[in-house]
**Q** 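Let me give you the structure first, and then I'll get to my questions.
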Amino acid sequence: PDYHIIADDDTLPYKGGPYVAHGVTSDGVAVVAWYDASEKRLVYSYNTAQQTPVHGGAWQTNARVIDEDFAGWYVDLTVDKNDGIHIAYYSSSSGDLKYAYLQNYSANHTVVTVDSYLSVGTQITINTREESGHIVPYISYFQSAFTQTPSSVRVAWLPSGVGTAGADVK
């Protein structure tokens with residue numbers, strides 16, 4: 001009886017899909033990113049009152065589109081030690097690995113393309129680590145264009161950390 005339906009075939013305006021990732025901030029705010037298969041887009045939402053079971057509810061009210069045009073496959077999400085939200089996902093329309101960052105659960109997001117060489121970005125995992133006072137996101141992924149080669153599994157990271165001007169992804 002104590003569960004939430006964030007999105008399904010009946011929720012509006014955001015529907016469910018096969019790819020979903022979730023996390024929790026240090027103060028207990030639940031966050032989730034999912035692929036809305038009906039509209040072919042990546043959606044993000046949060047809920048500050050998880051104690052009450054809901055169907056849609058706050059999840060739909062707080063939801064926003066992160067990216068569109070078949071974006072959001074293989075999504076993964078992590079919350080860093082400073083409550084920053086990091087989302088990695090595959091955009092199947094362009095074949096790109098993408099990354100979205102929110103400074104906190106209700107902040108505006110920034111999206112960048114991490115890798116666009118051939119077909120990249122499936123089987124994604126994202127983690128963060130503090131290095132020299134900065135939060136550095138690490139994204140591991142499978143590059144299907146190099147199947148059965150030493151280059152098929154890749155790692156991308158932002159050496160200078162998030163929120164750093166002129167940062168380049170490695």
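FYI, the numbering just counts along the sequence from 1. The model shown is predicted, which means the values in this text are computed figures rather than measured ones.
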**Q** Of all residues at least two apart in sequence or in a different chain, which pass the side-chain hydrogen bond (donor to acceptor under 3.5 Å, both in side chains) check with Asp80?
**A** His86
**Q** Charged N to carboxylate O below 4.0 Å: is that the case for Lys81 and Glu130?
**A** yes
**Q** Are the side chains of Val31 and Leu77 in contact, using a 4.5 Å heavy-atom criterion?
**A** yes
**Q** Quick check: do Val75 and Ile124 have side-chain heavy atoms less than 4.5 Å from each other?
**A** no
**Q** Whether the side chain of Ser45 engages the backbone of Trp59 through a donor-acceptor N/O pair (distance < 3.5 Å, no angle test) should be reported.
**A** yes
**Q** Check Asp115 against Tyr141 and note the closest heavy-atom contact, atom names and distance.
**A** OD2-OH, 2.6 Å
**Q** Under the 3.5 angstrom rule, does the side chain of Trp34 hit a backbone N or O of Lys15 as a donor-acceptor pair?
**A** yes
**Q** Of the non-hydrogen atoms in Phe70 and Tyr35, which two are nearest, and what is the gap between them?
**A** CD2-OH, 3.7 Å
**Q** Is the shortest distance from a Lys or Arg side-chain nitrogen in Asp36 or Arg41 to a carboxylate oxygen in the other one below 4.0 Å?
**A** yes
**Q** Decide yes or no on salt bridge (Lys or Arg N to Asp or Glu O under 4.0 Å) for Asp67 and Lys98, but give the supporting numbers first.
**A** CA-CA 9 Å; Asp67 203 346; Lys98 291 189 165 186; 3.1 Å; yes
**Q** Are the side chain of Gln60 and the backbone N or O of Tyr14 linked by a donor-acceptor pair below 3.5 Å?
**A** yes
**Q** Got more than 12 heavy atoms from elsewhere within 6.0 Å of NE2, His22?
**A** no
**Q** Would you confirm whether Thr25, through its side chain, and Val29, through its main-chain N or O, come within 3.5 Å as a donor-acceptor pair?
**A** yes
